[in-house]
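Taking it in order: structure first as structure tokens, then the write-up.
First listed ligand is number 1; within each ligand, the first listed atom is number 1. Residue numbers count from 1 along this sequence.
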Amino acid sequence: MPRASCLNYEEVTANFTWSIAEKELHYKPGEPINIGWMCSDRICQMGNERKLALIWENFQGEHRQYTFDDLRLLSNTIAQFVCDLGIKPRERVCLFMDRIPELYIGFLGILKTGAVAQPLFSAFGDESLLVRLKDAGTAAIFTQKKHVHKIRKIRDQLPDLRHIIVVDAGDSPLQEREIAFHMDEARRVEDFVVFPTFAESPSVLHYTSGTTGQPKGAQHVHYSIISQYLTSKWVLDLQPNDIYWCNADPGWVTGTSYGIIGPWSNGATQVVLDSGFNAESWYHFIEKQRVTVWYSAPTAIRLLMKEGKEIVRRHDLSSLRHLASVGEPLNPEAVIWSQEAYGRPFHDTFWQTETGCIVITNLPGMPIKAGSMGKPFPGITATVLDLTTFEPINQTGIAGLIALRPGWPSQIRGYWNNEAGFNAKFKNGWYLCGDRASIDADGYYWFMGRDDDVINTGGHLVGPFEIESALLEHPAVHESAAVAKPDPVNMEVVKAFVTLKPGYTPSDELELEIMNRIRKKLSPLAMPQEIEFVDSLPKTRSGKIVRRVLRCKEFHEPVGDLSTIMDD
Ligand code: WT7
């Protein structure tokens, strides 16, 4: 196969089958397939034992690096440790850590045992953590000293959680169910018999937020690697000598599909910077590590744009060869700006936790229309459906629901314990993404917005339900609605509307008090930036809160005709 940038879209699409990826990975249908093994042992077998797999740095300037052989041995070591604890295949093992090497390598180790890896964002508060560990019936959790207090607070409510593994315990005292494990000091296990998982064996469980109910566990399988491998090669254009940087945290799907599985199944060297946003340190990192391929997100790009071009000129960013973005609409200004500032445009990629891999994108070599997400990846059949009939709209420029024909390798196989929720995502044989777009005469997709009340803040989906539940726990709160409010950097932030119980009156002190109370329960992303006290909330005749009305007001958009659903 030629390099991605030389692919002819029409030709490749016409002749496409996923067996292209199966062959490149030497996978034969019906045989065992294991992501942990594919990303480490297989790469070594191809003669890359000494190649660097991971170059890691944190904001304090600590650094560590690992070859593919280290990856193989250390994931074996973790796998052996997990097995020795008595964890069985298909049991859920959570990774609750900052972006430290143990997180990346632990992910592979867990998968080698046949257990299911459940990554959770380390900034989650105990409430967010509890909901997800309880739902998954998680058997063990890997964490760091700095986060263990959150687990201690909720462990009594988690009878299934048998082991709390602390990767940097040192000499600090451990409590019930806790055990220390130090990856870099452990005796390295040369031979570990990888559990023979098959295409449909469960691999990763990612929690994602919807409009209704608690977050849903999106259930991936080992076969997902087929499309994660190929999209990394063709969309991110990963080549043998690349130094790849993915900004995403593996608590979210971008950080696993394209922060672990995609690059390592391609045998690519990746760099990780465990620190928050800072333009100076990011540019310094790119310059120092000679990053060639960079996968980022619109919020980060907007922050970089705010810092201007002068700071760009002070760094040598000439190593950058290919840039891609995901998570939110990529504004045309950002594409134009990056072309001016870095000499390369950002290529938009659209996908979801549920799709597991990029499904609509600007492939390298394809002309970019700034503001468009691009076209369906070869092998993905996409369309937009009429909002009421759910039939494909065969006209250009008309807004419809983004829909995909089920059946690509990394599509989730279900939501954990929630069959009804999963079934509700399908209409007329199409999978509905929950987003709206239009398609132009050249087949390019133009994103228009979400089709539900989910809030997208800085590329992270936040479900209103979780925030509202936390608010309702406050004694003063009678009812609440969480909606998106526009924000120049994060695109959207959370705003909460609250009605109070009798005996309480609105005040700044009360707002602060409520904020402080829920801050500990929610992830920082889900925290409302503002609480507005109101006398009543807009409701349907049957009493359901209509968040859309509040959202439209925040965005100064017309609400449309509500006469059929609303109270008078
Ligand atoms: C939702 C999925 C998949 C990685 C990150 C998020 C929005 C994603 C784009 C894009 C406009 C986008 C959609 C989508 N989204 N990429 N390129 N342009 N919107 O995964 O948390 O499952 O969120 O993010 O609304 O449905 P996720």
May I ask you to decide if the ring planes of Phe121 and Trp252 are parallel, tilted or perpendicular, using 30° and 60° as cut-offs?
tilted
Looking at every non-hydrogen atom in both residues, tell me the closest pair between Phe96 and Thr143 and how far apart they are.
O-OG1, 2.9 Å
Looking at every non-hydrogen atom in both residues, tell me the closest pair between Phe59 and Ser275 and how far apart they are.
CB-CB, 3.4 Å
Show me which atoms of ligand 1 lie under 4.0 Å from any heavy atom of [X].
{"X": "Thr349", "result": "10 (C), 16 (N), 17 (N)"}
{"X": "Asn456", "result": "7 (C), 24 (O)"}
{"X": "Met373", "result": "18 (N)"}

Would you sort out whether Trp234 and Phe377 count as a ring pair (Phe, Tyr, Trp, His ring centres under 6.0 Å), showing the intermediate values?
CA-CA 9 Å; Trp234 287 7; Phe377 185 80; 5.8 Å; yes
Ligand 1 contacted by Val326 (non-hydrogen, < 4.0 Å):
yes
Hey, is Thr355 touching ligand 1 through its side chain, its backbone, both or neither, going by heavy atoms under 4.0 Å?
neither
Region of Phe350 that comes within reach of ligand 1 [heavy atoms, distance under 4.0 Å]
both
Determine yes or no for a side-chain-to-main-chain donor-acceptor pair under 3.5 angstrom, with Gln219 supplying the side chain and Gly414 the backbone.
no
Does any N or O of ligand 1 fall below 3.5 Å from an N or O anywhere on [X], backbone included?
{"X": "Thr254", "answer": "no"}
{"X": "Leu461", "answer": "no"}
{"X": "Thr353", "answer": "yes"}

When rounded to the nearest 0.5 angstrom, what distance separates OG1 in Thr299 from CG in Asp487?
8.0 Å
Between the CG atom in Leu205 and the OG1 atom in Thr353, the distance rounded to the nearest 0.5 Å is 11.0 Å
When you measure from [atom] to every protein heavy atom, which one gives the shortest distance, and what is it?
{"atom": "atom 7 (C) of ligand 1", "result": "Gly327 O, 3.4 Å"}
{"atom": "atom 25 (O) of ligand 1", "result": "Asp435 OD1, 2.6 Å"}
{"atom": "atom 6 (C) of ligand 1", "result": "Gly459 O, 4.2 Å"}
{"atom": "atom 2 (C) of ligand 1", "result": "Trp351 O, 3.6 Å"}

How about NZ on Lys553, more than 12 heavy atoms from neighbouring residues, nucleotides or ligands closer than 6.0 Å, or not?
no
Between Tyr223 and Gln228, is there a side-chain donor-acceptor contact under 3.5 Å, judged purely by atom types and distance?
no
Option set Gln352, Arg450, Glu328, criterion heavy-atom distance to atom 10 (C) of ligand 1, minimum:
Glu328
